[in-house]
Q: 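Take this structure first; my questions come after.
Bear in mind that the values here come from a model prediction, so they are computed numbers and not experimental data. Values reported hereafter were calculated over all heavy atoms of this structure, with side chains retained and with hydrogens, waters and symmetry mates removed.
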Amino acid sequence: MDAQQEQTSAWNGTGGNAWVRLQPVLDAMYAGIEELLVDRVAAAVTGPAPVVIDVGCGTGATTLAIARRLGPAASCRGVDLSEPMVALARTREPGPAEFLVADAARHPFPPGEADVIASRFGVMFFDDPVAAFANLRAATRPGGSLRAIVWRGAAENPFMTRAVEAAAPLLDVAPYDPDVPGPFALADTDRALGLLRAAGWSTVTADPVDVACALPAGALDAYVGALGPVGRALASRDEATRDRVVEHLRPAFDEFRVGDDIRFTAACWLLGARA
């Protein structure tokens with residue numbers, strides 16, 4: 001199975017279904033990141049009836065937030081290869097946005113239709129990043145923009161890697177690899193900006209942003225047991241094994257506990273570029 005097939009399989013199976021189940025928790029957890037991206041997209045819009053393509057839209061929160069900010073004259077289109085996530089997105093606030101099940105890296109968008117390409121954690125999973133960013137560049141009008149939020153390195157995001165590290169004695173879980181499609185694939189800004197330039201984008205930038213995030217402590221077990229490499233590894237295990245692993249992982253997150261919440265800082269890059 002090649003990288004593209006692996007991503008399609010994961011997001012239409014265990015990964016996508018987990019995001020659907022945890023949609024309210026994840027939307028609230030990433031609300032600050034959503035707000036930051038919406039602000040930057042709105043600032044990049046110049047025309048009266050902009051078209052925005054939200055890449056890796058997932059369950060639709062960011063697409064809908066952009067649509068609300070830009071108003072009814074805007075056309076906001078969320079694109080994701082996960083059928084279960086897009087199915088949920090289509091049930092939310094019908095009207096202000098539309099959603100498409102497609103691989104944004106390869107989908108034949110109308111040339112030059114978009115004023116802004118936006119993404120919250122959606123562009124790190126391309127199996128051929130140059131070709132994918134070139135496809136998105138072709139979909140953008142001359143002078144249009146790209147605004148994408150991606151993770152910085154694993155060392156700066158201990159919350160993101162804690163479950164994999166803590167589960168090592170109990171599960172055969174591979175650590176995150178920045179050299180393959182995944183959360184940290186664009187953490188190296190020299191690489192990320194080089195990929196954008198090679199794909200035909202100009203005025204490429206990477207601004208560091210640090211965003212406070214939180215989820216209820218009562219949701220931690222569901223979060224660590226369903227998402228990321230640990231969630232994928234546990235999906236095929238029996239209930240007793242899942243319970244034992246989650247119980248083992250729980251104290252590893254004690255440093256992030258603040259009262260009834262789990263709090264952490266998302267260390268990200270805000271990538272910008274012009275067509």
Side-chain angles (χ1 to χ4, degrees), residues 7 10 15 18-19 22 25-41 55-56 58 61-62 118-126 129 132-133 146-168 171 173-197 204-217 219-220 223-233 249-259 261-273:
Q7 292 297 322
W19 274 75
L22 294 174
V25 171
L26 295 168
D27 283 358
M29 187 171 84
Y30 289 138
I33 295 170
E34 174 188 293
E35 182 179 2
L36 173 64
L37 182 61
V38 171
D39 286 345
R40 298 303 176 92
V41 169
V55 176
T62 302
S119 183
R120 183 199 70 180
F121 301 143
V123 297
M124 307 96 67
F125 300 93
F126 295 142
F133 283 125
L146 176 142
R147 298 289 184 269
I149 292 180
V150 304
W151 293 103
R152 298 208 305 266
E156 295 183 85
N157 287 287
F159 176 83
M160 287 290 293
T161 60
R162 185 57 50 86
V164 170
E165 295 164 353
L171 289 175
V173 181
Y176 286 108
D177 185 346
D179 295 323
V180 301
F184 303 113
L186 298 178
D188 182 332
T189 52
D190 289 339
R191 178 175 185 269
L193 299 184
L195 292 170
L196 287 167
R197 292 189 188 98
V204 297
T205 57
D207 298 322
V209 292
D210 296 281
V211 184
C213 299
L215 71 156
L220 178 65
Y223 178 91
V224 300
L227 297 177
V230 171
R232 290 193 294 273
L249 293 177
R250 199 177 298 134
F253 288 85
D254 283 350
E255 70 175 275
F256 303 104
R257 292 181 185 274
V258 180
D261 291 331
I262 301 295
R263 298 185 177 275
F264 66 97
T265 298
C268 304
W269 295 113
L270 175 66
L271 301 180

Q: Heavy-atom distance under 4.5 Å between the side chains of F126 and L195, does that happen here?
A: no
Q: For D261, which residues count as a salt bridge (charged side-chain N to carboxylate O under 4.0 Å, His left out) partner, sequence neighbours excluded?
A: R263
Q: Locate the shortest heavy-atom distance separating C268 from I149; write the atom from each residue and the value.
A: CB-CG2, 3.9 Å
Q: Tell me, which pairs form a side-chain hydrogen bond (donor to acceptor under 3.5 Å, both in side chains) where one or both residues lie in residues 149-161, sequence neighbours left out?
A: R152-E156, R152-D210, T161-E165
Q: So that I know where these two stand, are Y223 and F253 an aromatic pair - ring centroids less than 6.0 Å apart?
A: no
Q: Tell me the side-chain hydrogen bond (donor to acceptor under 3.5 Å, both in side chains) pairs involving residues 249-258, sequence neighbours left out?
A: R162-E255, D221-R250, D254-R257
Q: I need the minimum non-hydrogen distance between A61 and E34, along with the two atoms involved.
A: CB-OE1, 3.5 Å
Q: How long is the gap from CE on M29 to CG on L26, to the nearest 0.5 Å?
A: 5.0 Å
Q: Say you draw a straight line from CZ of R40 to CG of L271; how long is it, rounded to the nearest 0.5 Å?
A: 11.5 Å
Q: Can you list everything that forms a salt bridge (charged side-chain N to carboxylate O under 4.0 Å, His left out) with D39? Sequence neighbours excluded, please.
A: R69
Q: Would you be so kind as to tabulate the donor-acceptor pairs closer than 3.5 Å made by side chains of residues 182-191, with sequence neighbours excluded?
A:
residue: D188; atom: OD1; partner: D190; partner atom: N; Å: 3.0
residue: D188; atom: OD1; partner: R191; partner atom: N; Å: 3.3
residue: R191; atom: NH1; partner: A185; partner atom: O; Å: 2.7

Q: Of all heavy-atom pairs between V164 and P175, which one has the smallest distance, and what is that distance?
A: CG1-CA, 3.9 Å
Q: What distance do Y30 atom OH and T62 atom OG1 have between them, rounded to the nearest 0.5 Å?
A: 11.0 Å
Q: Excluding sequence neighbours, so at least two apart, what forms side-chain hydrogen bond (donor to acceptor under 3.5 Å, both in side chains) with D27?
A: Q23, R92
Q: Using 0.5 Å steps for rounding, measure from the CG atom of L22 to the CG atom of L227.
A: 5.5 Å
Q: Looking only at heavy atoms, what is the nearest atom pair of L196 and V204, with distance?
A: CB-CG1, 3.7 Å
Q: What's the separation between atom CG in D207 and atom CH2 in W269, rounded to the nearest 0.5 Å?
A: 8.5 Å
Q: Please give me the minimum heavy-atom distance between A167 and L249, naming the atom from each residue.
A: N-CD2, 3.5 Å
Q: Report yes if some heavy atom in the side chain of V123 is under 4.5 Å from a heavy atom in the side chain of V150; otherwise report no.
A: yes
Q: With rounding to the nearest 0.5 angstrom, report the SG to CZ distance, C213 to F256.
A: 11.5 Å
Q: Provide the closest heavy-atom pair for P229 versus A174 in the form atom of the first, atom of the second, distance.
A: CB-O, 4.3 Å
